[in-house]
There are 2 protein chains.
Amino acid sequence: MARINKTQYVLLGILRMRGPSTGYEMKSFIDESLNYFWMENYGHIYPVLKKLEETGRVTCREEANPGKPDRKVYTITEAGASDLESWLSTPFEGIIFKNELLLRLFLLPPDRDEEMIRMIRKERDHNKKLLEEYAHVEEHVRSVHGKQLNALLTLSYGRKFSEAVLEWCDEAMELLKEENK
Amino acid sequence: MARINKTQYVLLGILRMRGPSTGYEMKSFIDESLNYFWMENYGHIYPVLKKLEETGRVTCREEANPGKPDRKVYTITEAGASDLESWLSTPFEGIIFKNELLLRLFLLPPDRDEEMIRMIRKERDHNKKLLEEYAHVEEHVRSVHGKQLNALLTLSYGRKFSEAVLEWCDEAMELLKEENK
DNA sequence: GGATAAATATATCATAGTGATATATATAAT
DNA sequence: ATTATATATATCACTATGATATATTTATCC
């Protein structure tokens, strides 16, 4: 199974959703909206945009932008839209998941419980903060977009996940404390 | 912040934990034990092993292995162990998380609820299966290793996560059904 | 007022990481 | 008898990441 470049579909999807945009605008949008479950960076966005143009899936018009680099405004073509649709209809792969906390806990030799506890506590704090953020974002989404189902679904996923992590942290700490009695 | 190659620490950690091993054995171990939160592949393991040897963090002895390629058995050196320790004491980054399901839900235009439901159902089934697997593995870990805290902690993380996903799937389906009434 | 940071906008580079594939043989399962 | 799996190494092309370079305007801080 050939590995496929998903960035191209992210960009096509955003162009379809938001209309003509620059690479910079799309990156900002990704950072705001997809950040909890997907990320992209310029080092990938610009080359992919170039390739999308070469293969006729987007068109580009340059706009003068006094003092700053010219804006390259991309628009999705019909070929691009149909390409996006056909990708959307393929079966998808699961979640790519690399958890450095679990890796470190696993690699740490026995009798290093203090370090474990320190790491777990950090993770706990982090997820507490995330949950607060989600609450704010959800409020914002509900007020601004009416019922933006997609956004709400992805948000609730993030919330469920962080809640699960919090529970796990508490249980893990309990286990470690018990062990040290 | 320079990006660092984590594979090297995974390999050093495994060598410290399991003693002298070949690349193949370490890959098998990763697939069995870390698979739920970390993965590595040969395309990275072999080059990194070579580099670890060049930088004196492992030693290598070749063993004849009639009919098959020579086994290259790697052993962690003191330099390697201290390098591992110093990495273990650095602050760690969060979870790398790329969720293709959420991406697709987000990119799908409105009024495509059937497709959404299909995707969510698939995710639900997948996590149901995972939970069953975890139950078996946990039994095995508890019986074989006595109280292997690390393994139990990572397992319970996986369980919590899948449970959260199941809950989310059910809620998401409810939301979608309500919307279509 | 002057310095600093952030926003706008493009792009490239080296390195990290992935999936497929090549090579070769023994053994186990169908 | 055939096929799949396990053992064992290694490379390749491509994807993805983080840092950095360039250049200007605008906003913020002391």
Side-chain angles (χ1 to χ4, degrees), chain A residues 1-11 20-32 34-35 37-55 60-74 87 93-100 103, chain B residues 1-11 20-32 34-35 37-55 60-74 87 93-100 103:
Chain A
M1 208 190 344
R3 208 148 121 264
I4 54 156
N5 174 345
K6 278 158 204 165
T7 304
Q8 59 185 320
Y9 299 114
V10 176
L11 296 176
S21 320
T22 68
Y24 185 81
E25 287 167 341
M26 287 191 264
K27 164 76 166 126
S28 306
F29 179 77
I30 292 165
D31 288 346
E32 277 166 34
L34 314 186
N35 202 241
F37 58 90
W38 202 270
M39 54 233 94
E40 295 290 351
N41 49 278
Y42 292 127
H44 207 200
I45 288 175
Y46 286 115
V48 166
L49 239 21
K50 193 179 271 176
K51 210 174 179 186
L52 282 174
E53 197 193 352
E54 280 164 15
T55 54
C60 174
R61 66 162 194 276
E62 281 189 56
E63 286 176 3
N65 200 19
K68 295 168 198 164
D70 286 359
R71 285 163 52 85
K72 291 192 175 178
V73 181
Y74 293 92
W87 175 70
E93 288 145 62
I95 298 163
I96 291 167
F97 197 83
K98 284 204 156 186
N99 191 320
E100 194 173 325
L103 177 66
Chain B
M1 205 194 339
R3 207 148 123 264
I4 54 155
N5 174 345
K6 279 160 203 163
T7 304
Q8 60 187 320
Y9 300 114
V10 175
L11 295 175
S21 320
T22 67
Y24 184 82
E25 286 166 342
M26 288 191 264
K27 164 75 167 126
S28 306
F29 179 78
I30 292 166
D31 288 345
E32 277 167 35
L34 314 185
N35 201 242
F37 57 91
W38 203 269
M39 55 233 94
E40 294 292 350
N41 50 278
Y42 292 127
H44 207 201
I45 289 175
Y46 286 116
V48 166
L49 239 19
K50 194 180 271 176
K51 208 173 179 188
L52 282 174
E53 195 192 352
E54 280 164 16
T55 53
C60 174
R61 67 163 192 278
E62 282 189 56
E63 285 177 5
N65 198 20
K68 294 169 202 166
D70 285 1
R71 285 163 52 87
K72 290 191 174 177
V73 182
Y74 292 91
W87 175 70
E93 289 146 61
I95 297 165
I96 292 168
F97 199 81
K98 285 204 155 186
N99 190 322
E100 195 174 325
L103 176 66

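Just so we're clear, the structure is a prediction, and the values are computed from it rather than from any experiment. Residue numbers start from 1 in every chain, and the chains themselves are labelled A, B, ... in the order their sequence lines are given, proteins ahead of strands.
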How long is the line joining [atom1] of [X] and [atom2] of [N], in whole Å?
X: B:Gln8; N: C:dG17; atom1: CD; atom2: P; result: 9 Å
X: B:Lys72; N: D:dA8; atom1: NZ; atom2: C1'; result: 11 Å
X: B:Ile30; N: C:dT18; atom1: CD1; atom2: C1'; result: 14 Å
X: B:Tyr42; N: C:dT21; atom1: OH; atom2: C1'; result: 14 Å
X: B:Ile45; N: D:dA10; atom1: CD1; atom2: P; result: 12 Å

Which of these passes side chain to side chain contact (heavy atoms under 4.5 Å, CB included) with B:Lys72: B:Glu63, B:Glu62, B:Arg61?
->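 Of all the options given, the one that passes is B:Glu62.
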For [X] and [N], is the shortest distance between a side-chain N/O and OP1 or OP2 below 4.0 Å?
X: A:Thr7; N: D:dA16; answer: yes
X: B:Tyr24; N: D:dT7; answer: yes
X: B:Lys98; N: D:dT17; answer: yes
X: A:Asn5; N: D:dA16; answer: yes

Closest non-hydrogen atoms of A:Asn41 and A:Lys27, given as atom of the first, atom of the second and distance, are CA-CE, 4.1 Å
Answer with base, sugar-phosphate or nothing: what part of the nucleic acid does B:Lys50 contact at a heavy-atom distance below 4.0 Å?
-> sugar-phosphate
May I ask you to check whether B:Phe37 and A:Phe97 place their ring centres under 6.0 Å from each other?
-> no
Nearest nucleotide by nearest heavy atom, which residue falls closer to the 5' end of DNA chain D, B:Thr22 or A:Asn41?
-> B:Thr22
Comparing nearest nucleotides in DNA chain D, the 5'-proximal residue of the pair A:Trp38, B:Pro47 is B:Pro47
With distance as the sole test, does A:Glu32 use its side chain to make a donor-acceptor pair with the main-chain N or O of A:Phe29 at under 3.5 Å?
->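 No; zero donor-acceptor contacts below 3.5 Å.
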Of all the choices, C:dG17, D:dT11, D:dA6, which nucleotide is nearest to the side chain of B:Tyr46 once you look at every atom?
-> D:dT11
